[in-house]
Amino acid sequence: MKGMKLGLILMSIIFLSYSCSEGKKNNKSEIAFDDEIEALISKMSVAEKVGQMTQINIDVISKGEIFNLVKPHQLDSLKLDSAINHYFVGSILNVGGHTYTRAHWEELITSIQTKATTQGNKIAVIYGIDAIHGVNYTVDATLFPQQIGQAATWNPELVKQGASVTAYECRASGIPWNFSPVLDIGRQPLWSRFFETYGEDVYLAKQMTEACINGYQGNDPSNPEKVASCMKHFLGYSTPLSGKDRTPAYIPERQLKEYFLPTFETAIKKNALTVMINSGEINGIPVHANPEILTTLLRDELGFKGLAVTDWEDIIKLYRDHKVARNMREAVKLAIDAGIDMSMTPNDYSFNRALISLVDSGEIKESRLNESCRRILWVKKQLGLLKNPIPNFDYYTKFASKEHKEVALNTALESITLLKNEKKLLPLKANTNILVCGPAANSLTIQNGAWTHTWQGIDPAYNTKNAKTFYEAIKENSTGNVTYSLGSKLDSITNLKETIAKAKNSEVIVICLGEIPCTEIPGNIKDLNLPEAQVQLVKELSKLNKPIVFALSFNRPRIINSIEKDADAILHTYLSGDYGGEALAQLLFGKENPSGKLPFTYPRHTGSFVPYDHKSTEILDINFGHNAFNPQWEFGFGLSYSSFNYTNLEINQSELSKTDTINISVDVSNTSEIAGKEVVQIYITDSVASITPSVKRLRAFRKVHLNANETKTVLFKIPVSELAFVDANNKWKIEEGHFKIQVADNRLSFVVK
Ligand code: BGC
């Protein structure tokens with residue numbers, strides 16, 4: 001009884017100090033009072049609170065030098081001791097160099113969490129990793145197509161299934177926090193991380209965002225099969241003016257709201273637990289130092305409750321690179337005042353020293369640390385880490401199972417996009433004699449891209465055993481004679497004579513064009529053209545007058561205008577992952593029917609990047625020829641071995657109010673003898689508006705399966721409110737007037753009154 005009373009008194013003291021001393025506005029981003037979390041915070045010293053806000057790289061607690069660790073990887077018990085008992089670190093990330101086995105993850109996570117929960121402040125560490133297309137840092141994990149390929153499926157259900165598999169295999173590696181998905185919109189094709197996005201369209205990306213967060217977190221992230229997602233990189237990271245990673249972006253507020261914010265808003269509504277901040281600057285202000293974005297927008301307006309982590313060294317960058325602070329101390333003050341909760345410092349403890357000194361001098365209040373610790377501990381609690389810091393590693397019998405691989409294969413199958421198929425060259429007969437050549441033909445690294453076993457994904461030493469390259473899978477699926485010859489490396493011609501000789505003996509030549517795996521600053525390029533050697537390979541082989549198929553494996557749309565006509569068929573595989581080889585082979589031989597659609601506008605020229613939802617002034621100019629929009633292939637484009645026809649486009653009323661819902665129905669028929677999947681895409685155009693309207697915007701879509709000669713009526717409900725745009729005052733607005741609906745070549749109009 002006595003104990004209980006004392007407990008109650010203590011609780012109310014804690015509660016009072018929480019509500020008064022913090023002086024916080026009672027806004028929607030506030031975490032509900034939690035006595036377990038408050039009790040932990042009340043016991044923590046300033047150093048412990050700062051530690052909780054610190055994320056270090058695994059290198060800091062490993063044997064060897066940072067970036068030059070002892071191999072095989074080993075924890076350094078003295079360094080771990082210092083991290084836990086001296087710095088009280090709250091979070092650790094990454095791998096030291098390359099992929100680990102599950103057994104090594106088990107050993108690592110068990111050692112870290114045992115130490116963290118029995119020593120220091122006895123709070124579990126939250127371990128985070130970039131499992132961005134499957135758990136790409138665990139040996140044998142199921143590797144999916146990269147995000148751009150996932151978007152090309154136009155099938156949110158598959159994205160959700162893939163995210164569930166990834167969450168499961170992440171937890172199976174002892175890791176509860178995934179730095180994924182990338183919610184940046186891919187509207188700058190030069191950008192090295194284009195492949196990490198869901199493409200250029202806001203609506204499509206929003207559907208994929210919702211599916212992905214559902215898959216990662218489910219309804220209960222403490223479930224041992226779920227992880228915390230991390231929306232990244234907030235905000236406006238993907239559109240650097242120069243196209244180079246981490247360089248300045250200039251984005252007007254209305255565009256920021258209409259194009260770059262909605263995916264994050266969607267994720268927050270789906271309870272995404274964490275966010276990572278954009279390393280770059282927008283309109284001259286580094287986002288890590290911008291309270292308007294990190295507090296006013298993220299917390300006060302969007303109501304985000306979870307934890308905001310910096311990106312790699314980004315507080316250091318505020319003084320070293322961005323030059324908005326004179327030293328680390330000023331940089332830390334800027335970032336903490338802006339709204340950062342956790343610093344991915346990540347290779348030293350400079351953040352800790354600076355923040356402790358700022359609290360000692362009174363420049364930062366301890367209550368500000370409490371705010372961040374509360375969010376961090378809340379996320380840990382949501383993940384079940386406060387109760388179960390070490391998973392039961394034996395539970396995960398489905399790790400890398402056939403069932404999981406099936407999801408990856410289906411995703412690759414539905415993503416690969418048929419861009420050209422002259423004279424119905426495809427599908428090929430199984431007994432066709434084929435030469436498979438080109439730099440991407442026999443390379444799992446090019447097929448997977450960056451973030452595969454290593455950061456840049458370039459080292460074949462860590463390739464997944466038994467995963468098949470394009471060549472290997474084509475050979476396996478064929479009953480004919482399939483040969484291989486490189487012909488060209490990524491940027492230099494090699495064994496061309498042998499390649500031509502083998503081509504002469506083949507009936508069809510499959511040329512697998514590729515791009516070096518790369519991301520972030522190492523992925524910056526000066527030219528979007530395909531390297532000359534690959535162009536030369538195509539030109540030489542086209543002289544043989546044999547049917548040519550291109551399989552493209554690019555990080556971003558590399559310009560192929562000069563060789564497009566040399567191909568009879570073209571398949572874009574994006575970065576299709578470990579099952580991309582099998583998927584390509586099944587599609588080539590017609591075991592499966594292509595159904596991927598481009599999630600971006602494929603440019604024809606290096607100087608003309610105009611998205612599909614451009615303005616009227618960017619269409620073909622009748623007086624002077626091409627003004628701007630003349631892409632190689634349009635957003636949403638993708639062929640099938642079936643043929644589809646659309647009829648009977650109807651809406652329930654031709655005059656609607658702003659609060660109405662548009663009911664659209666359309667009949668889609670498979671007019672062929674082959675079953676296939678079609679993506680019904682609804683585009684709506686605002687005829688006249690106070691902000692120049694886009695020529696069209698995707699407002700709904702659905703992927704439907706149609707048997708041979710089958711017709712389905714597909715229904716859509718689109719609230720008129722979803723036709724809103726951000727007006728001149730930066731407010732969302734629906735304007736009255738005429739709108740047009742377009743579904744394939746069917747058109748209708750309606751009026752909003
Ligand atoms: C990237 C992030 C990534 C982080 C941790 C950064 O360089 O920008 O996307 O999550 O590293 O690996």
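Both counts, for ligands and for their atoms, begin at 1 and track the order of listing.
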For R246, the atoms of ligand 1 under 4.0 Å from one of its heavy atoms are 1 (C), 6 (C), 7 (O), 8 (O)

Pair Y127 + W105: ring centers closer than 6.0 Å = yes

In ligand 1, which numbered atoms sit nearer than 4.0 Å to a non-hydrogen atom of W312?
->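 Selected atoms, number and element: 6 (C), 7 (O).
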
Mind checking whether Q55 has a heavy atom under 4.0 Å from ligand 1?
-> no

Within the 6.0 Å centroid threshold, strictly below: H86 and Y349 | no

Give the atoms of ligand 1, by number and element, whose distance to some non-hydrogen atom of K232 is under 4.0 Å.
-> 2 (C), 3 (C), 9 (O), 10 (O)

Do the two ring centres, one from Y237 and one from W191, sit under 6.0 Å apart?
->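 Between Y237 and W191, the centre distance is under 6.0 Å.
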
Please could you name the atoms of ligand 1 that N94 approaches to less than 4.0 Å, counting only its heavy atoms?
->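 So the atoms of ligand 1 that pass are 12 (O).
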
Does an N or O from H233, backbone or side chain, lie closer than 3.5 Å to an N or O of ligand 1?
->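 N/O-N/O distance under 3.5 Å: yes.
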
NZ or CZ of K206 within 45° of W154 ring axis and under 6.0 Å = no

Classify the contact between L93 and ligand 1 as side chain, backbone, both or neither, using a heavy-atom distance cut-off of under 4.0 Å.
-> side chain

Report yes or no: is the cationic atom of R556 (NZ for Lys, CZ for Arg) closer than 6.0 Å to the six-membered ring centre of F195, at no more than 45° off its axis?
-> no

Would you mind telling me if ligand 1 is within reach of the side chain of E313, the backbone, both or neither, using heavy atoms under 4.0 Å?
->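 E313 to ligand 1: no contact under 4.0 Å from either part.
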
Where ligand 1 meets R193 - atom numbers and elements under 4.0 angstrom, heavy-atom basis =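 This gives 1 (C), 2 (C), 8 (O), 9 (O) as the contact atoms.
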
Identify the protein heavy atom lying closest to atom 7 (O) of ligand 1, giving its residue, its atom name and the separation to 0.1 Å.
->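 Looking at atom 7 (O) of ligand 1, the protein heavy atom closest to it is E520 OE1, 2.7 Å.
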
To which protein heavy atom is atom 4 (C) of ligand 1 closest, and what is the distance rounded to 0.1 Å?
-> D311 OD1, 3.4 Å

Between E253 and K257, does at least one N-O distance fall below 4.0 Å, as a salt bridge requires?
-> yes

Charged N to carboxylate O below 4.0 Å: is that the case for E225 and R171?
-> no

Any side-chain heavy-atom pair from P291 and T296 closer than 4.5 angstrom?
->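 Answer no - side chains too far apart.
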
Is any NZ, NE, NH1 or NH2 atom of the basic residue among D341 and R375 found under 4.0 Å from an Asp or Glu carboxylate oxygen of the other?
->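 Salt bridge between D341 and R375, a charged N being under 4.0 Å from a carboxylate O: yes.
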
Please work out which of I132, I129, D130 has its closest non-hydrogen atom nearest to atom 10 (O) of ligand 1.
-> D130

If we number the atoms of ligand 1 from 1 as shown, the ones under 4.0 Å from a heavy atom of M276 are 2 (C), 10 (O)

